[in-house]
Structure formats: structure tokens, C-alpha cells
Asker: 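Pasting a structure here, questions to come.
Along the sequence shown, residues are numbered consecutively beginning with 1. Reckoned from all heavy atoms, side chains included, excluding hydrogens, waters and symmetry mates.
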Amino acid sequence: MTRSSAQTRYRLRDLLAYLLAFAAAAVIYVLATKSLTPTRVGDGTEYYAMYLAWTTTHRPFMTPNAWAALNQLAESHSILYFVPTSQLFAQFPQLHLGSTADFNHFWLYSLLAALVGKVCAVVGSPVGPHNAFLLLHSLLFGLVLALAYRVDPVFVNVVVASHHAHCFNSARGARSGLSQTSSFNSQLRVERDHRCGLPALACA
């Protein structure tokens, strides 16, 4: 086998692995949306609020329009255990400034979900805030699978599932996905020659 043909074979193998990774993420997303009841977990309502702030006003803080959108979502009763808007509005008075308000969360997570929702709307398949976060979790899951495959295929089979089990166990709420991915990515910052297979798991 020539060097060129070997490189082509490896590229095709890698491409197939990446396609399978994102196909697995797509399957998880479909199964989750079909079988799980949307449920607010922890501080998920605050992330829904920041999502709506991005989609309604394109700002990382709450405005009257964003609060109105959040109240409309709450009154739809589409998400279980949703924190009432009036309760959330009064929860952090120190973070209010005039008619605006903030939350003690970094806005990037909600921005990413808002971008996912925007793409879905552009292609003609709009999703609500909950499913936008769930789809973001699925995409991150596929991305981590692909990145982990580049480090060590065995690493994918053993470690990724355990790291994201909590993420998709609480996928009914809008939380955990980004932090789980960041935690896992930190473990990939090692040289492949020094950590591979089961020794990598032992050192994790």
C-alpha cells in the first residue's frame, strides 16, 4: 500500500467516525424529544430567560420585551416545574438596573442555544428554547465524540458515555451540557503517546 493510498484510507476512516459521532448525537436528540417530557431542572428557567433575551432583543440581559416573552413561555405550560416569571423577576433585586435585569450566569451558553435555534428557524424547522438547548447538548456530544476519537478511540467507548450520562440524564432541563463538555475537553489536553486506552481511564 502506497503512502498516498494509506493517507486516503485514514481520512475516509476518520470521516466515517465523525459522521457516526454526529449521527449518534442526532439519534439521541430525536429519542430525547420523543420520549422525555420537557422539565425545568435547577436554574434552567434563568437559562431559558437569557435565551429569550438573545432571541427577542439580541442582548445578554433582560428587558421588558424579554420578560414578556418569558412570561408567555411560562403560561404555555410546555415545560414542567417552570419558575413563575414574577418569582424569577424578584429573585435577584441586586442585579436590576432600571428596566433591565441580569442573572449570575455567563451568557455564552444561552447565546449558543439561541444560535442553534436561529439556524433551525432559517432552515424551516423552528424549535423552542427547551429543544434548542437539547439540540445544543446533542451537537456538543457529537463534537466531543469526534475530538475524543482523535485522541484515542478506546477513550471514546469508555469515558465519553460516563461523562455525558449526567448531561443527557438531565437533558429534560436546560443545564449541564456545556460544563460537562468543558470538563471532558480538559482531559483531552494531554499527549496521545502518554495516555491511551485503559491507562488513560486510570489516570482520568
Side-chain angles (χ1 to χ4, degrees), residues 22 24-56 59-62 66-96 101-121 125-145 159-187:
F22 284 100
V27 169
I28 291 174
Y29 172 75
V30 171
L31 290 177
T33 55
K34 297 296 184 182
S35 61
L36 298 177
T37 301
T39 305
R40 187 272 305 173
V41 177
D43 51 8
T45 302
E46 297 167 34
Y47 287 104
Y48 294 131
M50 295 177 69
Y51 173 96
L52 293 171
W54 279 117
T55 56
T56 57
R59 291 176 172 82
F61 52 83
M62 299 299 289
W67 284 114
L70 182 66
N71 190 58
Q72 184 177 4
L73 177 61
E75 291 182 346
S76 71
H77 303 292
S78 59
I79 302 174
L80 296 180
Y81 307 118
F82 203 90
V83 176
T85 305
S86 58
Q87 178 181 332
L88 190 63
F89 182 84
Q91 195 165 348
F92 304 105
Q94 303 89 341
L95 300 180
H96 286 245
D102 205 349
F103 295 109
N104 55 344
H105 300 291
F106 188 36
W107 46 260
L108 179 60
Y109 182 29
S110 296
L111 174 60
L112 292 175
L115 292 174
V116 169
K118 180 64 174 179
V119 171
C120 291
S125 298
V127 296
H130 177 82
N131 281 356
F133 277 105
L134 189 58
L135 183 55
L136 173 61
H137 291 177
S138 301
L139 292 173
L140 290 172
F141 181 76
L143 179 60
V144 169
L145 282 177
V159 180
V160 173
S162 63
H163 267 263
H164 281 269
H166 172 68
C167 169
F168 284 96
N169 184 49
S170 61
R172 291 175 295 178
R175 63 181 308 195
S176 301
L178 191 59
S179 60
Q180 289 286 330
T181 302
S182 300
S183 172
F184 182 75
N185 284 346
S186 67
Q187 295 194 10

Asker: With a 4.5 Å heavy-atom cut-off, do Leu134 and Leu36 have their side chains touching?
Answerer: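 Heavy-atom side-chain distance check fails, nothing below 4.5 Å.
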Asker: Does any part of the side chain of Leu80, heavy atoms only, come nearer than 4.5 Å to the side chain of Arg40, both counted from C-beta?
Answerer: no
Asker: Between Thr85 and Leu73, is a side-chain contact (heavy atoms from CB on, under 4.5 Å) present by the stated rule, with each step listed?
Answerer: CA-CA 9 Å; Thr85 305; Leu73 177 61; over 6 Å; no
Asker: Taking the side chain as every heavy atom from C-beta outward, state whether Thr39 and Ile79 have any pair of such atoms under 4.5 Å apart.
Answerer: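 Answer no - side chains too far apart.
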Asker: How about Leu31 and Lys34: do any of their side-chain heavy atoms sit closer than 4.5 Å?
Answerer: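 Heavy-atom side-chain distance check fails, nothing below 4.5 Å.
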Asker: In terms of relative ring orientation, are His105 and Tyr47 parallel, tilted or perpendicular, with 30° and 60° separating the classes?
Answerer: tilted
Asker: What's the verdict on ring-ring contact (aromatic ring centres under 6.0 Å, His included) for Tyr29 and His137, showing C-alpha distance, side-chain angles and the deciding distance?
Answerer: CA-CA 8 Å; Tyr29 172 75; His137 291 177; over 10 Å; no
Asker: Using a 4.5 Å cut-off on heavy atoms from C-beta on, say whether the side chain of Tyr48 contacts that of His130.
Answerer: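 A side-chain contact under 4.5 Å exists here.
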Asker: Under the rule for side-chain hydrogen bond (donor to acceptor under 3.5 Å, both in side chains), what residues qualify as partners of Asp102, not counting sequence neighbours?
Answerer: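 side-chain hydrogen bond (donor to acceptor under 3.5 Å, both in side chains) check on Asp102 returns nothing, list empty.
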Asker: Around atom CD of Gln72, are there more than 12 heavy atoms of other residues, nucleotides or ligands at under 6.0 Å?
Answerer: no
Asker: Side-chain contact test, heavy atoms from C-beta onward, threshold under 4.5 Å: evaluate it for Phe61 versus Met50 and give yes or no.
Answerer: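 Not touching, per the 4.5 Å side-chain cut-off.
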Asker: How far does CG of Leu115 sit from OH of Tyr51, to the nearest 0.5 angstrom?
Answerer: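 It is 9.5 Å, given to the nearest 0.5 Å.
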Asker: Is it the case that more than 12 heavy atoms not belonging to Tyr81 sit under 6.0 Å from its OH atom?
Answerer: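 No.
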Asker: Verify the ring-centre separation between Phe133 and Tyr109: is it less than 6.0 angstrom?
Answerer: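 Tyr109 vs Phe133: aromatic centres under 6.0 Å.
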Asker: Which residues pass the side-chain hydrogen bond (donor to acceptor under 3.5 Å, both in side chains) test with Thr56, not counting sequence neighbours?
Answerer: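 side-chain hydrogen bond (donor to acceptor under 3.5 Å, both in side chains) check on Thr56 returns nothing, list empty.
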Asker: Ring centres of His77 and Phe82 under 6.0 Å apart?
Answerer: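 They do not qualify: ring centres at least 6.0 Å apart.
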Asker: Can you tell if the side chain of Val83 reaches within under 4.5 Å of the side chain of Glu46, non-hydrogen atoms only?
Answerer: no
